[in-house]
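The sequence lines fix the lettering, A, B, ..., with proteins before strands; numbering per chain opens at 1. The structure presented is a predicted model; accordingly, all values stated were derived computationally and were not measured. For the numbers below, each heavy atom of this structure counts, side chains included, while hydrogens, waters and symmetry mates do not.
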Amino acid sequence: MSAIGTAVRPGAGPGTRWRGRLGPLGVVAAAIVVAAIVLAILGPTLTPHDPNASDLSRAFAPPEAGHPLGYDGQGRDLLSRLLAGARTSLIGPLAVVALAVTAGTAVAVAAVWAGGWVDSLVSAVLEVVFAFPGVLLAMLVAALFGAGLQAAVLALSVAYLPYTARLLRSAALTEREKPYIRALEVQGASGMTICLRHLVPNLAPLIAVQATLFFGYAMVDLAIISFFGLGVRPPSPDWGVMIAGGQSGVLQGYPAESLLAGACIVVLVVAVNILGERLGGTGATGGRGGRLRWPRRWGARS
Amino acid sequence: MSPLLEVSGLTVRLPVGHQPKPVLSDVSLTIAAGEALGLVGESGSGKSMTARAVARLLPPGAQVEGDIRYAGTDLRALRGQQLRELRTRVAVVFQDPRAHVNPVRRIGDFLTEALRLTGRVSRREATDRAVRALDEVAVADGRRLLDRYPHQLSGGMLQRVMIAAALLTEPRLLLADEPTTALDVTTQAEVMAIIDGLRRQRGLSLLFITHDLDLAAAVCDRTAVMYAGRIVETRPSALLHGHPLHPYTAALGAARPSVTTRVDRLATIPGRPLSAFEVPDGCAFAARCVYAQDPCRTHRPELASVDEGEVACLRAEDLRETLAVTHG
């Protein structure tokens with residue numbers, strides 16, 4: 001008999017429970033995120049046309065049969081480019097989040113556990129890294145080591161690390177002082193065991209919320225870096241690159257390319273943030289962990 | 001034979017504001033193998049701090065003086081692996097079981113964790129031993145309990161689980177820090193009976209911390225009474241309970257309402273308990289003591305051997321008869 005099973009109201013299937021957790025907005029957000037993931041995996045194979053095939057005679061041509069979104073300034077099929085760009089546009093932020101959150105958690109928990117001067121030193125170093133704006137740091141790295149997705153991802157991860165580390169440090173500090181951690185210590189558990197098996201899992205809701213927030217930031221920041229030509233190199237399709245590539249179109253009265261790529265980024269970022277907020281706020285330890293609530297007068301659900 | 005736990009001259013200072021202030025002064029106690037020592041006192045008298053010093057759980061910044069020896073080894077010198085090793089020999093049961101268990105892990109994980117960490121025991125073996133330990137603390141269907149989460153258990157049940165967890169590593173000394181204070185009265189009696197029974201069966205040594213003098217006297221071989229960070233009286237429980245020699249012990253005993261006689265007003269000890277760092281030159285209890293005389297306010301009494309124990313009161317001999325009468 002599963003203990004989780006007993007906690008669920010009788011008659012409520014798993015589907016109902018998830019919908020209850022997420023709310024209607026959350027369900028829509030989840031659907032968008034799932035769709036984006038599917039696109040990132042299948043996108044490049046779903047393209048109706050070659051995303052890099054250019055037909056200059058059709059530059060900025062409006063939508064037509066077989067080309068529902070029309071063409072960009074170089075006569076390439078816009079839908080195909082958006083689909084093909086989904087993968088790089090998602091992998092970049094995902095890598096940034098994975099690196100920054102993993103490293104940030106490790107640094108924070110290690111500092112808190114060691115305490116004393118180690119903790120002070122780590123906090124001081126983090127403050128210094130704080131002083132560098134992430135995008136500028138990324139551009140510096142790209143300028144030094146050559147443009148490309150990897151350099152941009154690495155630099156952004158370093159820039160985000162202090163944010164995750166600082167937040168998780170304060171959370172880990174509170175958690176570390178809780179009696180159950182002390183009880184584990186007197187049971188003879190080693191620091192490593194307590195951190196990995198108890199401290200970090202209990203910070204998971206907070207980590208999840210952070211991850212989704214940073215996914216949004218990273219996506220926008222990577223788009224900015226690509227926009228300046230220091231991230232993903234054109235002509236590879238990428239939403240950030242497409243916003244940049246559409247500039248001339250915007251000036252000539254054909255904003256479709258920049259607008260569509262920008263819309264993709266905005267919709268996905270908002271969806272990920274809503275999903276993270278809904279999931280994180282109802283994590284295993286209850287409301288703890290930075291739940292962002294809608295103001296009541298906006299018709300709060302919960 | 002040397003005692004299992006020997007604390008001598010233990011003084012602990014904690015940083016309050018910027019200045020370290022003493023919370024324990026010159027605390028000495030011994031517990032022989034298989035012996036139960038009760039530690040009784042009001043809130044803030046330092047009884048929990050004593051246990052925390054033994055378990056090496058003092059807050060950061062604590063300054064410790066004195067000697068704490070477990071089976072001859074100096075506890076204060078242990079580090080890393082040796083300290084973890086020791087902690088499987090000295091188990092602690094806390095006051096509030098709910099706060100001392102990871103709320104998001106199942107009971108089974110909680111119980112078997114210590115074993116799998118220390119004993120190189122397989123999962124199945126660990127589970128079997130957990131069930132047996134639960135059986136020992138009078139939990140009948142232990143195997144079903146393993147799948148539950150802490151919030152699904154009552155306080156008394158959870159405290160039994162905590163005791164079972166403490167026993168799994170086969171400790172020789174149990175530090176019980178008010179293990180029944182957070183429980184309701186009937187559950188208290190059950191949990192006390194379990195601790196008492198286990199102690200006798202397994203020959204455990206027990207440091208039993210409580211503010212209930214009667215309970216300590218009932219369970220423990222000897223009882224120590226603490227006041228303002230010092231031990232003021234240590235004697236065999238029956239003697240201490242029946243014939244207290246320190247006015248504070250007598251007052252504690254008298255403050256407990258009797259079930260058989262009706263009184264209009266419950267007896268209290270006038271004044272408030274002092275912290276160790278507030279204590280003036282003389283006897284810490286002088287300001288609240290009805291028997292205090294001028295020397296009590298200027299001279300601090302030392303613990304002196306008397307009647308199979310020790311008492312720190314300048315007037316202990318004068319008051320012997322008086323206290324016996326008022327207490328009875």
Nearest heavy-atom pair of B:A99 and A:P179: which atoms, and what distance? O-CB, 3.4 Å
Which atoms of B:V93 are under 4.5 Å from chain A, going by heavy atoms: the side chain, the backbone, both sets, or neither? neither
Applying side-chain contact (heavy atoms from CB on, under 4.5 Å), name anything that partners B:T181, two or more places apart in sequence or on another chain. B:Q95, B:E178, B:H211
Where does B:A165 contact chain A at under 4.5 Å (heavy atoms): side chain, backbone, both or neither? side chain
Heavy-atom distances under 4.5 Å only: say whether B:V92 touches chain A with side chain, backbone, both or neither. side chain
Tell me which one of A:L199, A:I194, A:N202, A:I181 satisfies side-chain contact (heavy atoms from CB on, under 4.5 Å) with B:N102. A:N202
Within the supplied structure, the quantity of interest is the number of heavy atoms (other residues, nucleotides, ligands) at a distance under 6.0 Å from B:R123 CZ; does it exceed 12? no
Can you tell me how far apart OH (A:Y180) and CZ (B:R98) are? Round to the nearest 0.5 Å. 15.5 Å
Does any pair with a residue in residues 73-103 of chain B pass ring pair (Phe, Tyr, Trp, His ring centres under 6.0 Å), and if so which ones, sequence neighbours excluded? B:F94-B:H100
To check you understand the geometry: which heavy-atom pair defines the closest contact between A:R197 and B:E113, and what is its length? NE-OE2, 3.3 Å
Taking only residues two or more places apart in sequence, or in another chain, which ones meet B:D67 in a salt bridge (charged side-chain N to carboxylate O under 4.0 Å, His left out)? B:R69
Residue by residue, which of residues 45-57 of chain B have a heavy atom closer than 4.5 Å to a heavy atom belonging to chain A? B:R52, B:A55, B:L57
